[in-house]
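One structure is given below, encoded as structure tokens.
All ligand and atom numbering here is 1-based and tracks the order in the structure. Residue numbers run from 1 in the order of the sequence given.
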Amino acid sequence: MRKNNHLEFSIYRYNQDIHDSPYMESYFFNMEEIRNMMLSDVLFKIKKKDPTFSFRISCRQGVCGSDGMNINGRNGLACITSIKDLLKKCKKVVVKPLTGFTILKDLVVNMSDFFDRYKEIFPYIIENNENGCIKKRNHIQSISQRNKLNGLYGCILCACCSSSCPSVWWNTDKFIGPAGLLTSYRFLSDDRDHGKNFRLNHLQDSFKVFKCHNIMNCISSCPKNLNPNRAIRKIKIMLLKNMLNLT
Ligand code: SF4
Ligand code: SF4
Ligand code: FES
């Protein structure tokens, strides 16, 4: 709702120590004052009005992934969501925490499951450790090898994709989810990595990858314009070949 040139921000509030259930609280700000701001600036203004309001934030430039939240029904980063753009499409701004996560307080969610699944893909180069020792050496890459990684390494772990994926909601503890699988494919594609078979064998079950049903929400919700679904489809092909010993 817009009142006397003021824009309404309807914000999800919940503190389990005080409230029986969550509720939406409205804050109004003069449109001229906030027009050129980012949503994160407005959240700080709310925090000034009510210091008990909680949200995560760090870099304020779209690189740390701390401030993923649901903004007018779509997941995004508050620090790179401009009020000007929001005003083009809405009469009021509704902000909720990421869907599918346990709420800790207000917009802050528990991301433990998300990071536990991420750890399961071994997000680092696996060295050739014949004879039990890791070789100390340079990791040389040709230009074409390096180009294979384009579009695969820009994930900032904001969880906007996983939060919009129904398969993650229903299989939180078993399906790796779009963010983890995008990074998994990044290491499967890296010529410097010696863990391909190990990685594929680890992913080879009916949940970790195959619970992706190509719903594609992950693509539309990624603030970095990455395509986790394409990476997942490629991993599925690798897994099928691995199963049939075609690699
Ligand atoms: S394409 Fe797969 S990973 Fe992406 S939202 Fe759909 S089910 Fe989830
Ligand atoms: S793939 Fe995109 S939406 Fe998913 S965690 Fe990475 S940056 Fe965020
Ligand atoms: S605060 Fe770091 S991405 Fe928004």
Side-chain angles (χ1 to χ4, degrees), residues 37-44 46-47 54-71 73-83 85-86 95 97-101 106-121 123 149-189 203 206-239:
M37 290 184 175
M38 293 293 170
L39 176 59
S40 53
D41 300 317
V42 176
L43 295 181
F44 275 111
I46 293 172
K47 177 107 185 136
S54 300
F55 61 104
R56 280 196 184 108
I57 194 141
S58 183
C59 69
R60 300 183 75 176
Q61 45 196 317
V63 289
C64 76
S66 304
D67 57 341
M69 54 191 73
N70 189 283
I71 306 156
R74 286 193 65 167
N75 290 345
L77 301 171
C79 66
I80 54 170
T81 300
S82 82
I83 300 297
D85 285 346
L86 287 174
V95 184
L98 289 176
T99 313
F101 291 83
D106 299 332
L107 302 181
V108 179
V109 296
N110 183 345
M111 295 185 65
S112 304
D113 281 330
F114 175 77
F115 286 115
D116 284 348
R117 296 295 79 71
Y118 185 72
K119 280 185 220 154
E120 276 194 60
I121 60 103
L149 306 185
N150 288 342
L152 300 178
Y153 61 83
C155 175
I156 56 169
L157 295 175
C158 64
C160 288
C161 56
S162 293
S163 156
S164 67
C165 171
S167 291
V168 171
W169 304 341
W170 306 126
N171 305 281
T172 310
D173 55 339
K174 294 192 188 114
F175 174 46
I176 301 284
L181 290 173
L182 176 72
T183 304
S184 179
Y185 185 64
R186 173 246 175 279
F187 286 102
L188 283 164
S189 309
L203 292 174
S206 47
F207 281 90
K208 289 194 185 82
V209 179
F210 286 100
K211 272 294 161 190
C212 168
H213 297 305
N214 299 307
I215 302 161
M216 308 284 187
N217 288 357
C218 52
I219 305 171
S220 55
S221 58
C222 178
K224 305 301 277 186
N225 295 321
L226 302 173
N227 190 333
N229 174 261
R230 185 166 54 211
I232 296 171
R233 280 185 280 124
K234 293 196 170 157
I235 297 177
K236 284 180 180 173
I237 294 170
M238 286 175 144
L239 287 173

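Proximity of a side-chain donor or acceptor of Lys236 to a complementary backbone N or O of Cys212 within less than 3.5 Å is detected. The closest donor-acceptor contact from the side chain of Arg56 to the backbone of Val109 lies under 3.5 Å. Asp113 contributes no side-chain N or O that, together with a main-chain N or O of Thr172, makes up a donor-acceptor pair within less than 3.5 Å. Between the Arg74 side chain and the Ser220 main chain, a donor and an acceptor come within less than 3.5 Å of each other. At distances below 3.5 Å, at least one donor-acceptor pair connects side-chain atoms of Asn217 with backbone N or O atoms of Ser164.
Under 2.8 Å from atom 8 (Fe) of ligand 2 lies no N/O/S atom of Cys160, from backbone or side chain alike. Metal site remark for atom 4 (Fe) of ligand 1: Cys161 contributes no N, O or S atom at a distance under 2.8 Å.
For Asp41 and Arg60, the salt-bridge test passes: some basic side-chain N is under 4.0 Å from an acidic carboxylate O.
Here the protein heavy atom with the shortest distance to atom 6 (Fe) of ligand 2 is Cys155 SG, 2.3 Å. From the protein, the heavy atom lying nearest to atom 7 (S) of ligand 1 is His213 N, 3.4 Å. Closest to atom 8 (Fe) of ligand 2 among all protein heavy atoms lies Cys158 SG, 2.3 Å. Looking only at protein heavy atoms, the nearest one to atom 2 (Fe) of ligand 2 is Cys222 SG, 2.3 Å.
With no hydrogens or angles considered, no side-chain donor-acceptor pair links Ser58 and Ser66 at under 3.5 Å. One side chain, Ser163 or Asn75, offers a donor N or O that lies under 3.5 Å from an acceptor on the other.
Every atom of ligand 1 is numbered from 1 in the order shown, and the set under 4.0 Å from a heavy atom of Cys165 is 3 (S), 5 (S), 7 (S), 8 (Fe). Those atoms of ligand 1 that come under 4.0 Å of a heavy atom in Cys212, given as number and element, are 1 (S), 2 (Fe), 3 (S), 7 (S). Near Pro223, with a cut-off below 4.0 Å to any heavy atom, the atoms of ligand 2 are 3 (S). Near Ile156, the atoms of ligand 2 lying under 4.0 angstrom from a non-hydrogen atom of the residue are 6 (Fe), 7 (S). Set against the non-hydrogen atoms of Lys224, the atoms of ligand 2 under 4.0 Å away are 7 (S). Per-residue contacts place Asn229 under 4.0 angstrom from the following atoms of ligand 1 (heavy atoms of the residue considered): 1 (S).
Both cation-pi conditions hold for Lys174 and Phe207: the charged atom is under 6.0 angstrom from the six-membered ring centre and inside a 45 degree cone around its axis.
The parts of Ile215 lying near ligand 1 are both backbone and side chain, judged by heavy-atom distances below 4.0 Å. By the criterion of a heavy-atom distance under 4.0 Å, the backbone of Leu157, and not its side chain, is placed next to ligand 2. Of the heavy atoms in Cys218, none comes closer than 4.0 Å to ligand 2. Here Ile232 has side-chain heavy atoms under 4.0 Å from ligand 1, and that is the only part of it that gets that close.
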Report task. Dump the intermediate steps for side-chain contact (heavy atoms from CB on, under 4.5 Å) on Leu43 and Ile57, then the final yes or no. Result -> CA-CA 10 Å; Leu43 295 181; Ile57 194 141; over 6 Å; no
Query raised in the report: Where do Ile156 and Leu77 land on the side-chain contact (heavy atoms from CB on, under 4.5 Å) test, with the steps shown first?
Result: CA-CA 11 Å; Ile156 56 169; Leu77 301 171; 3.7 Å; yes
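For atom 2 (Fe) of ligand 3, the set of protein N/O/S atoms nearer than 2.8 Å consists of Cys59 SG, Cys64 SG, ordered by chain and number.
Using a 4.0 Å heavy-atom cutoff, Ser167 is listed among the residues neighbouring ligand 1. Heavy-atom distances between Pro178 and ligand 2 stay at or above 4.0 Å for every pair.
Side-chain contact between Phe55 and Ile46: absent, with no pair of heavy atoms (C-beta onward) separated by less than 4.5 Å. Side-chain contact between Ile176 and Val209 is absent, with no heavy-atom pair separated by less than 4.5 Å. Side-chain contact between Phe175 and Val168: present, with at least one pair of heavy atoms (C-beta onward) separated by less than 4.5 Å.
Annotation for Trp170: atom CH2 does not count as buried by contact number, only 12 or fewer foreign heavy atoms lying within 6.0 Å.
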